[in-house]
Amino acid sequence: MRRLFCVHIFLCCLGMAQPFCPSQCTCVFHGRTDGIGTRSVLCNDPDMSDIPVNVPVDTVKLRIEKTAVRRVPTEAFYYLAELRYLWITYNSITSVDTGSFYNLKVLHELRLDGNMISMFPWESLKEMPRLRTLDLHNNRLTTVPTEAIPYLLNITYLDLSSNKLTTLPSDLMDIWPPFNGAPISTNSSQKIVLGLQDNPWYCDCKISKLIEISKMTDTPVVFMDLFLTCSGPENLAGVLFQRAELDNCVKPIVMTSATKITSSLGSNVLLRCDATGMPTPNLYWAKSEGSPVNNTVQESPGEGIRWSIMSLHGILSKDAGNYSCKAKNVAGSAEATISLSVAGTISTTIPPDKQSMGTGPTSQGTTMTPTTDITDSPFVTSTVPPGTTPTQPTVPKKPKTTPSNGLQKGSLKQTKNQQGGNGRKLAADEKSKKSDASKSVKDLKIVEETPDSAVLLWTADGLPNDAPLTVVFSPYGEDETKRTEETNAGSGKVLLEGLSSGMRYSVCLIAKGIDAGKDPCIDFYTLDIVEDSGQNQFFMIISGIACALVLPLIVLLVYKILALYCKGRDPALDEEELEKESYVKFETISMKQRTLNSHPAEFWARRATHDSERMLLCSRSSIDSQMTYKSDSSRSEYLC
């Protein structure tokens, strides 16, 4: 009973508090015949210095205008859960806290124009999931960071005009058509209204997408003012976006070595793509499900060009799929796809070991007993060290002994006595040699040559990824100028730099601490630098022929001029001839200066503002805010 009584008292107090307003504000309740209405509050006292805290909780629209408020504190509107329109316009606000708009879950419109905000807390927009209108014009914003892009995805009316913006993030344009890939709609409710005029824009590749949108005739993006102009660089100062031509700004173009590749199971695959663009684009590899891909190398041989190679070692069935190569720069992005198919099965057949058949070379400095064939099959031969008894008697065909350490052919008995105790050691050494022989580096290949560099690829069979490798390379036949590069078996590639053009090189790969037989080596040639001597010689020949043909004409022309000068001319004839020949008229073409009363039909004709777009601008711009100018220099949002 006590609890119900307390709740009743609280509701009564709340009902009594609702009709009251802050002393410096005016509250208006807009009722309807059905008893349901909305409440709006206007606070415009010039002496107000703080955001009011006793605003009625059922307020739907709150306007704080032309006051001395300088700061919006944290959770300033926490109790206004039904607030849909918040205007804090033409005050002296310089600071907005990150948590200022906490709990405004149904807020639809936020206007902070006409203040002195230099840094806006863009992350605070995540507290307003239904926000569609954001007005920040006539402030002191100097930048829009890349981190703000995710919070602007749902904004359909964004006014950043009359600030100090010189550029915008290139990725910001990607959230709007046509760069976001969404189909273009003619529905006016799906259009995006942008206010970007009266900013000192620096026209370079960073805002090339914005300039491209301004030149489009059919796009959902509507500019409040089409007359966006460049303030820099010097050669584009004062030029309209529609007429701005950016130098050295080209979207990327991607080309791949193939579109479909089918490779056998367990093989190695190299995928390559090349891209051009200005500025030089960066390349990114990804699989069809979006996961990034490792084992890639890329290089830019020149400005505006970049290539990338992705290597897949010992491919499995799970490696099949689509691999996309994406090129991106500030001017745009492009993408190409390579489809990889895996076919076949891995063979498990082990080839016979030559050394186990008794035909391989023996280790130097070791005396071996004769090799005996147990059966006729070559796969059943074995090497019997001295001091051991065969499992069954055999008849040696032609004993072969290898003398070592001063032993003579006839001293077989002494050799058996010396090595009888080392039989187990020799067997262990032989087993170690076979184990090392199974670890090798193979499939050496050069996949990319330039005049001064080359890329070496290999496959490490049985070696751990951190096994040290030494790459030794030198000009062919010049062993005294050898150079080395340290790497490991798992990298699978190394870049050889500092080479000479048009020269043959030898390169070997040495596995440290492992006796795997002969080290693999290959030879390759670097590319030649194309000389232009032949072209210069061709131009010299053409120039000589031209001089030989033109010189007689020049002599003839000089002779005619001298003859006319000496002969003289009739003045009346000269005047008549001048009237006949003078038909060229010169005109001065200049741009008309833009004034408030001018009607630049040529630009409006290029991209006409339809009636639906005018109504859209009118509906998203408030008549009330048009009457609250901070200074005479401020311009209306859109006069309908």
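In this chain, numbering begins with 1 at the start of the sequence shown. Predicted model only: the values in this text are computed from it and were never measured.
- To the nearest 0.5 Å, atom CD1 of residue Ile88 and atom CZ of residue Arg111 are 13.0 Å apart.
- Atoms OG1 and OH, on Thr296 and Tyr323 in that order, are 12.5 Å from each other to the nearest 0.5 Å.
- Residues Pro233 and Cys203 come closest through the heavy atom pair CD-O, 3.3 Å.
- In this structure a side-chain-to-backbone donor-acceptor pair under 3.5 Å is present from Ser100 to Val72.
- The closest side-chain heavy-atom distance from Lys105 to Glu127 is below 4.5 Å.
- Side-chain atoms of Asp135 come within 3.5 Å of backbone atoms of His137 as a donor-acceptor pair (strictly under, hydrogens ignored).
- Counting only distance, with no hydrogens or angles, the side chain of Asn139 and the backbone of Ile117 share a donor-acceptor pair below 3.5 Å.
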ask   = Tyr157 and Met224: side chain to side chain contact (heavy atoms under 4.5 Å, CB included), yes or no, with the steps?
value = CA-CA 10 Å; Tyr157 181 97; Met224 295 182 189; 3.1 Å; yes

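- Using a distance-only test at 3.5 Å, with no hydrogens or angles considered, no donor-acceptor pair links the side chain of Thr59 to the main chain of Lys61.
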request  = Give the intermediate values and the outcome of side chain to side chain contact (heavy atoms under 4.5 Å, CB included) for residues Met310 and Cys325.
outcome  = CA-CA 10 Å; Met310 183 186 68; Cys325 178; over 6 Å; no

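- A cation-pi contact, defined as under 6.0 Å to the ring centre and within 45° of the axis, is absent between Arg63 and Trp87.
- Checked options Leu131, Ile192, Thr133; the residue passing with Ile155 is Leu131 (criterion: side-chain contact (heavy atoms from CB on, under 4.5 Å)).
- Pairs of residues two or more places apart, or lying in two chains, never qualify as side chain to side chain donor-acceptor pair (under 3.5 Å) while including a residue from residues 228-238.
- For Lys493, the NZ atom is densely surrounded, since the number of other residues' heavy atoms within 6.0 Å is greater than 12.
- For the pair Thr89 (side chain) and Leu112 (backbone), a donor-acceptor distance under 3.5 Å is absent.
- Remark: Phe120 CZ is packed, more than 12 non-hydrogen atoms of other residues, nucleotides or ligands lying under 6.0 Å away.
- A distance of 10.5 Å separates CG of Leu125 from OG1 of Thr98, quoted to the nearest 0.5 Å.
- The shortest non-hydrogen separation linking Phe29 to Asp58 is CE1-OD2, 4.5 Å.
- Rounded to the nearest 0.5 angstrom, Asp198 CG and Phe227 CZ are separated by 12.5 Å.
- Leu107 places none of its side-chain heavy atoms less than 4.5 Å from the side chain of Phe77.
- Formation of a donor-acceptor pair under 3.5 Å by the Gln197 side chain with backbone atoms of Phe223 is not found in this model.
- Taking Phe179 as the reference, nothing meets the ring pair (Phe, Tyr, Trp, His ring centres under 6.0 Å) condition, with sequence neighbours excluded.
- Here the side chains of Asn329 and Cys205 are not in contact, with every heavy-atom distance at 4.5 Å or above.
- Here the closest heavy-atom approach between residue Ile64 and residue Pro52 is recorded as CD1-CD, 4.0 Å.
- In terms of modelled atom types and a separation under 3.5 Å, the side chain of Trp307 and the main chain of Pro301 share no donor-acceptor contact.
- In this structure a side-chain-to-backbone donor-acceptor pair under 3.5 Å is present from Asn199 to Asn163.
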key: Trace of the salt bridge (Lys or Arg N to Asp or Glu O under 4.0 Å) decision for Asp174 with Lys209   = CA-CA 9 Å; Asp174 293 338; Lys209 296 179 183 178; 2.8 Å; yes

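- Taking 4.5 Å as the limit, some side-chain heavy atom of Glu303 sits within range of a side-chain heavy atom of Thr280.
- Within the 4.5 Å cutoff, the side chain of Glu335 has no heavy atoms near those of the Val254 side chain.
- Here the shortest heavy-atom pairing between Leu271 and Trp285 reads O-CZ2, 3.7 Å.
- Counting only heavy atoms from C-beta outward, the side chains of Arg71 and Ser95 approach each other to under 4.5 Å.
- Side-chain contact between Val69 and Ile93 is present, with at least one heavy-atom pair separated by less than 4.5 Å.
- No more than 12 heavy atoms of other residues, nucleotides or ligands lie within 6.0 Å of NZ in Lys164, so this atom counts as exposed by the packing criterion.
- Residues Arg132 and Asn154 meet the side-chain proximity criterion, which asks for heavy atoms closer than 4.5 Å.
- Heavy atoms from other residues, nucleotides or ligands lying under 6.0 Å from CZ of Arg272 number more than 12.
- The minimum heavy-atom distance between Cys43 and Leu62, with the atom names listed, is SG-CD1, 4.4 Å.
- Between the side chains of Thr67 and Asn91, at least one donor N or O lies within less than 3.5 Å of an accepting N or O.
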query = Could you go step by step and tell me if Leu340 and Leu312 meet the side chain to side chain contact (heavy atoms under 4.5 Å, CB included) rule?
reply = CA-CA 11 Å; Leu340 175 62; Leu312 299 175; 3.6 Å; yes

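- Asp97 and Thr74 form a side-chain donor-acceptor contact under 3.5 Å, judged by distance and modelled atom types alone.
- Heavy atoms from other residues, nucleotides or ligands lying under 6.0 Å from CE of Met119 number 12 at most.
- Ser49 places no side-chain N or O within 3.5 Å of a backbone atom of Ala68 that could act as its donor or acceptor partner.
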key: Residue pair Leu152, Ile149: steps toward the side chain to side chain contact (heavy atoms under 4.5 Å, CB included) verdict   = CA-CA 5 Å; Leu152 296 174; Ile149 296 176; 5.8 Å; no

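- Atom CG in Leu196 sits 5.0 Å away from atom CH2 in Trp201 (nearest 0.5 Å).
- Here the CG-CD distance, from Leu134 to Glu109, works out to 10.0 Å after rounding to the nearest 0.5 Å.
- Scanning for ring pair (Phe, Tyr, Trp, His ring centres under 6.0 Å) contacts around Tyr78 gives Tyr102, with sequence neighbours left out.
- No donor-acceptor pair closer than 3.5 Å links the side chain of Arg84 to the backbone N or O of His108.
- Heavy atoms only, all atoms of each residue included: Cys27 and Val41 are closest at SG-CG2, 3.7 Å.
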